[in-house]
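Have a look at the structure below before the remarks.
A, B, ... follow the sequence lines: proteins, then strands. Residue 1 opens every chain. Predicted model only: the values in this text are computed from it and were never measured.
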Number of protein chains: 2
Amino acid sequence: MPEIHPDPFVALFFEAGIINQIGTTFLEKRLSDGLLASHFGVVNHLMRVRDGATPLELARAFQVPKTTMTHTLAGLEKHGFVQMRPNPDDKRSKQVWLTDAGRAFRDETLAAVGPIFAEIARRFDRKDAEDILPTLTAFRQMIDQLRDEMD
Amino acid sequence: MPEIHPDPFVALFFEAGIINQIGTTFLEKRLSDGLLASHFGVVNHLMRVRDGATPLELARAFQVPKTTMTHTLAGLEKHGFVQMRPNPDDKRSKQVWLTDAGRAFRDETLAAVGPIFAEIARRFDRKDAEDILPTLTAFRQMIDQLRDEMD
DNA sequence: GTGTTTTGGTTCGATATCGCACCATTTAGT
DNA sequence: ACTAAATGGTGCGATATCGAACCAAAACAC
């Protein structure tokens, strides 16, 4: 099943879909309770990009509808991983802050998936991955922009 | 929000997730009724890779659980886009065959998304996409293999 | 300043996704 | 052949996802 695509852009979307699917499965197999890849994604983002982000910023970062983010955040709050506070700059808005439990959750998850990434590094040339990354990121930014222009 | 990743493999999964998300949204905005990207994906696969594939083959091609594929196929059948027939080689199994309506659905959808890909091609160097594709595909194949070895 | 529009967020309902348990058939072991 | 294990598929239940409608606050008219 070679899955030959006439258009490289179509192929890009296809490969992204499969990689995402497999990556999500990898991650969720290592998570307990009712925790999902989306939960980890948000916690990770808060830790590495900006703690105290607003729900809408998070929704945009992951390109999901804001209703989806509301739901994900409710789950994180129920687990005690984040705390929602009012946004001092805008009374409509909120801020999402990590708790110690949230940081611990992130560390544990990273530890749990560590072996997978170690195995991936064993099987795939790290430099090859680094080489394609700038182009892939540029592509993502471009369609991101295109999406913004379309509503 | 630069979203800097320490590990290029992590970054690959991240970019794949966003690209998949945006691509799915692009596609589904152009679909009517209750039709989803997953429906189009299956029909497209049947047309371009192998008509008469079994449900399990399809599930593996898209790396989704077989229950998900059962559900997707039920939707396609309800729309009259595919027909399920018993597999003559294995009485447990089935074959999924496209109908004329299914082929028409695929053509209409391709026409509907055509302008998006035209715009993408206007904004991104096709050669750049072609250049990274082999590495991206190799990466996908590797994690695909890794996943198989892990259950 | 008052009315209009935009923006941040939630509620609600429909349905997609997926794990678990199950059945039927096929394959493997001996 | 006969049992055990593996495989293809479905039913069911829980929950994630997402669009539509909504509310409140903010930004923009003028």
Side-chain angles (χ1 to χ4, degrees), chain A residues 17-18 20-42 52-79 82 84-96 147-148 151, chain B residues 17-18 20-42 52-79 82 84-96 147-148 151:
Chain A
I18 305 287
N20 176 61
Q21 184 74 27
I22 297 175
T24 303
T25 306
F26 276 160
L27 180 53
E28 295 188 348
K29 282 236 171 89
R30 310 291 176 123
L31 294 176
S32 44
D33 285 343
L35 291 166
L36 263 342
S38 49
H39 296 122
F40 174 74
V42 168
T54 70
L56 201 55
E57 281 171 349
L58 292 166
R60 281 202 262 259
F62 293 95
Q63 288 292 348
V64 297
K66 50 187 185 168
T67 52
T68 303
M69 189 49 64
T70 297
H71 187 260
T72 302
L73 291 173
L76 284 173
E77 206 176 9
K78 189 161 64 182
H79 278 275
V82 302
M84 310 283 282
R85 301 190 205 149
N87 187 336
D89 301 338
D90 185 336
K91 284 177 191 162
R92 296 167 300 179
S93 182
K94 297 182 176 176
Q95 290 181 333
V96 187
R147 180 187 198 274
D148 281 348
D151 29 62
Chain B
I18 304 288
N20 175 60
Q21 185 73 27
I22 297 175
T24 302
T25 306
F26 275 161
L27 180 53
E28 295 188 348
K29 281 234 170 92
R30 312 289 176 125
L31 294 175
S32 44
D33 285 343
L35 290 166
L36 263 347
S38 50
H39 295 122
F40 174 74
V42 168
T54 71
L56 201 55
E57 281 170 349
L58 292 166
R60 281 202 263 258
F62 293 95
Q63 289 292 348
V64 296
K66 47 188 187 168
T67 51
T68 302
M69 189 50 63
T70 298
H71 187 260
T72 301
L73 290 173
L76 284 174
E77 206 175 10
K78 190 161 60 182
H79 278 276
V82 302
M84 310 283 282
R85 301 192 206 149
N87 187 337
D89 302 338
D90 186 337
K91 285 177 191 163
R92 295 167 299 180
S93 182
K94 297 182 176 177
Q95 291 179 333
V96 186
R147 180 185 198 276
D148 282 349
D151 30 61

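- Taking the screw axis at each terminus of the helix from C/dG1-D/dC30 to C/dT30-D/dA1 from five consecutive base pairs, the angle between the two is 50° to within rounding of 10 degrees.
- A/Leu31 has its CG atom 15 Å from the C1' atom of C/dG19, to the nearest Å.
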Is there a side chain to side chain contact (heavy atoms under 4.5 Å, CB included) between B/Thr54 and B/Lys94? Walk through the geometry before answering. CA-CA 6 Å; B/Thr54 71; B/Lys94 297 182 176 177; over 6 Å; no
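- At least one donor-acceptor pair under 3.5 Å links the side chain of A/His39 to the backbone N or O of A/Leu36.
- Taken from CZ in B/Phe62 to OG1 in B/Thr68, the straight-line distance is 12.5 Å, to the nearest 0.5 Å.
- A/Lys94 places its NZ atom 8 Å from the C1' atom of C/dT10, with the value rounded to the nearest Å.
- The closest side-chain heavy-atom distance from A/Thr70 to A/Pro55 is not below 4.5 Å.
- Side-chain nitrogen and oxygen atoms of A/Thr70 include at least one within less than 4.0 Å of the OP1 or OP2 phosphate oxygen of C/dT10.
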Nucleotide N/O of nucleotides 22-27 of chain D paired with protein N/O under 3.5 Å:
{"from": "D/dA26", "atom 1": "OP1", "to": "A/Lys91", "atom 2": "N", "distance (Å)": "3.0"}

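- Within the 3.5 Å criterion, the main-chain N or O of B/Gln21 finds no donor-acceptor partner in the side chain of A/Gln63.
- Rounding to the nearest 0.5 Å gives a distance of 6.0 Å between CG of A/Leu27 and CZ of A/Phe40.
- A distance of 7.0 Å separates CD of B/Glu28 from OG of B/Ser38, quoted to the nearest 0.5 Å.
- As rounded to whole Å, 12 Å separates atom P of D/dT7 from atom CG of B/Asp148.
- Without hydrogens or angle criteria, B/Gln95 side chain to B/Arg85 main chain gives no donor-acceptor distance under 3.5 Å.
- In this structure, B/Asn87 places its CG atom 12 Å from P of D/dT10, rounding to the nearest Å.
- Within the 4.5 Å cutoff, side-chain heavy atoms of A/Leu73 are placed close to those of A/Leu58.
- What separates CD of A/Glu77 from C1' of C/dG9 is a distance of 13 Å, to the nearest Å.
- OP1 or OP2 of D/dG19 has not a single side-chain nitrogen or oxygen of B/Lys29 nearer than 4.0 Å.
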Side chain to side chain contact (heavy atoms under 4.5 Å, CB included) between A/Leu56 and A/Arg60, worked out: CA-CA 6 Å; A/Leu56 201 55; A/Arg60 281 202 262 259; 3.7 Å; yes
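- Whole-Å rounding puts the A/Arg60 CZ to C/dG9 C1' distance at 12 Å.
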Contacts under 3.5 Å, N or O only, protein and nucleotides 14-18 of chain D:
{"from": "D/dC18", "atom 1": "OP1", "to": "B/Gln21", "atom 2": "NE2", "distance (Å)": "3.4"}
{"from": "D/dC18", "atom 1": "OP2", "to": "A/Thr68", "atom 2": "OG1", "distance (Å)": "3.2"}

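- Side-chain contact between B/Glu57 and B/Val96 is absent, with no heavy-atom pair separated by less than 4.5 Å.
- Straight-line distance from the CG atom of B/Leu73 to the P atom of D/dG8: 15 Å, rounded to whole Å.
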